[in-house]
Amino acid sequence: MVSKIKRLPTLAKVALLLLVLLLLLTAILLLIFLVPRHRTAPLPPAAPPGPADNCSDRAVAFDFSPFLVQYKGGCVHRMDGTARVPAGVDAATGVSSKDVVIDHATGLGARMYLPAGAGEGKKKEKDLPVVVFFHGGAFVIMTPFEPKYHDYLNALVAKARVVAVSVDYRLAPEHPLPAAYDDSWAALNWAARNADAGPEPWLRDRGNLSRLFLAGDSAGANIAHNMAMRAGSGLEGGAAILGVLLLDPYFWGKRPVGAETTDPATRRRYEATWSFVCAGRYGIDDPLINPLAAPAAELRGLACARMAVTTSGLDDFEARGEAYAAALNGSGWGGEVVRYETAGERHVYFLDQPASPKSARELAFAAAYLSRG
């Protein structure tokens with residue numbers, strides 16, 4: 001057969017080659033247009049490089065699951081709390097939000113919130129309580145821009161009608177404690193200073209500095225307590241904190257209190273994670289993490305007139321939150337202690353289940369507490 005093809009005239013060879021090419025092209029077109037295509041939408045962008053791709057050593061140095069993993073090469077892979085939503089006007093509540101820079105040197109910033117209608121009209125009264133809010137996340141994850149916190153602040157500001165400053169403090173392990181405390185203290189003084197004389201317009205024109213509150217959940221509640229303790233030495237401009245709201249506060253200690261777990265592995269784990277976030281600077285019975293270790297005279301220095309503590313029945317930190325409220329009451333501190341308990345729920349459940357009836361009731365409690373004169 002090969003020898004016969006070789007004897008064909010040149011023109012016939014060209015015609016045969018064109019025929020073969022035409023058949024191949026026909027087959028390709030049939031594949032393109034007749035075979036069903038399952039991918040009708042554009043492909044998503046390529047995934048970013050893996051968390052340890054730039055690490056010199058990918059061995060795990062500390063596993064803080066489900067929050068993060070730190071590798072021996074120094075890289076940190078956060079498993080949660082990295083999503084961001086922009087500021088603006090919330091469609092559901094009408095609350096306005098904006099992002100501000102507090103300290104360019106450290107990168108400290110905040111997301112601010114103003115309830116609907118608060119900026120309208122020519123007459124502006126300084127009538128809104130000022131709430132400085134500290135988010136949770138074990139000191140290692142989350143920001144004010146994370147969707148759950150953004151939604152929670154929108155709902156809280158709408159219901160309580162307050163102007164809020166949600167602090168974007170630095171996170172461990174890149175910035176171990178006391179970085180979060182120092183950032184929070186700077187943000188609190190910034191808020192007090194601007195509510196007094198500006199230049200930040202939402203605080204200057206709408207914030208009533210005589211109704212200054214601190215609030216936070218989990219690690220943020222820990223921060224709120226410690227800011228109220230530090231405020232005993234005075235805030236800028238002589239401002240005073242009216243009240244503090246601790247939502248499922250993150251406190252711990254060496255010895256169990258009340259119904260707190262006695263499981264050795266669990267207790268070792270909490271002790272190890274605390275050491276991780278503070279780079280070993282503070283022991284597990286330091287008053288920063290265990291206010292119960294502070295003498296009564298020290299607790300009496302809490303610089304606010306009211307304290308509200310919420311706890312959840314299935315939370316590992318419930319018993320110590322209850323003990324904290326009791327210790328404050330028994331210390332001789334002259335303020336008012338309010339307790340709020342939610343049975344059958346886990347730690348900061350209201351962030352994950354915002355539409356549940358229990359979450360709605362706790363939100364109503366928080367809003368009423370923050371809007372009291």
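Index from 1, following the sequence. These numbers come from the heavy atoms of this one structure, side chains and all, not from hydrogens, waters or symmetry mates.
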Exercise for the section: Using a strict 4.0 Å threshold on nitrogen-to-oxygen distance, state whether Glu174 and Arg78 make a salt bridge. Expected result: yes
Handout entry: Pair Asp205 + Lys126: basic N to acidic O under 4.0 Å
Key = no
Practice task
Assign the ring pair Tyr113 / His150 to parallel, tilted or perpendicular, where the plane angle (0 to 90°) is split at 30° and 60°.
Solution key: tilted
Problem - His225-Phe251 aromatic ring centre distance below 6.0 Å - result: yes
Fill in the blank from the handout: Smallest heavy-atom separation, Asp80 atom then Pro66 atom, equals CB-O, 4.4 Å
Practice task
Start with the C-alpha distance between Glu146 and Arg111, add both sets of side-chain angles, then the distance that settles salt bridge (charged side-chain N to carboxylate O under 4.0 Å, His left out), and finish with yes or no.
Solution key: CA-CA 11 Å; Glu146 197 276 337; Arg111 176 160 290 183; over 6 Å; no
Completion exercise
Of all heavy-atom pairs linking Ala240 and Leu212, the shortest is O-CB, 3.7 Å
Handout entry: Arg346, CZ atom: more than 12 neighbouring heavy atoms under 6.0 Å
Key = no
Completion exercise
In terms of heavy-atom contacts, Tyr282 and Trp274 come closest through O-NE1, 3.0 Å
Name the atoms and distances for all side-chain donor-acceptor pairs under 3.5 Å in residues 285-294, with sequence neighbours left out.
| from | atom 1 | to | atom 2 | distance (Å) |
| --- | --- | --- | --- | --- |
| Asp285 | OD1 | Lys254 | N | 3.1 |
| Asp285 | OD1 | Asn290 | ND2 | 2.9 |
| Asp286 | OD1 | Leu288 | N | 2.9 |
| Asn290 | OD1 | Leu292 | N | 3.3 |
| Asn290 | OD1 | Arg320 | NH1 | 3.1 |

Exercise for the section: Could you tell me whether Arg372 and Glu336 have a side-chain N and a carboxylate O separated by less than 4.0 Å? Expected result: yes
Practice task
Just say parallel, tilted or perpendicular for the rings of Phe317 and His347, cut-offs at 30° and 60°.
Solution key: perpendicular
Practice task
Please say whether more than 12 non-hydrogen atoms of neighbouring residues, nucleotides or ligands are located less than 6.0 Å from NZ in Lys98.
Solution key: yes
Completion exercise
For Asp63 and Arg269, the nearest pair of non-hydrogen atoms, with its separation, is O-NH2, 2.7 Å
Problem - Side-chain (Ser97) to main-chain (Gly88) donor-acceptor, under 3.5 angstrom - result: yes
Problem - Pair Tyr152-His135, ring pair (Phe, Tyr, Trp, His ring centres under 6.0 Å): steps then yes or no - result: CA-CA 10 Å; Tyr152 181 78; His135 67 82; over 10 Å; no
Exercise for the section: Compute whether any side-chain donor of one residue and acceptor of the other, for Tyr349 and Thr342, lie under 3.5 angstrom apart. Expected result: yes
Exercise for the section: Look at Glu260 together with Arg267 and state whether they make a salt bridge at an N to O cut-off of under 4.0 Å. Expected result: yes
Problem - Lys159 NZ: over 12 foreign heavy atoms closer than 6.0 Å - result: no
Problem - Heavy-atom pair of closest approach, residues Thr93 and Ala116 - result: O-CB, 4.0 Å
Completion exercise
Tightest non-hydrogen contact, residues Leu247 and Thr310, listed as CA-OG1, 3.2 Å
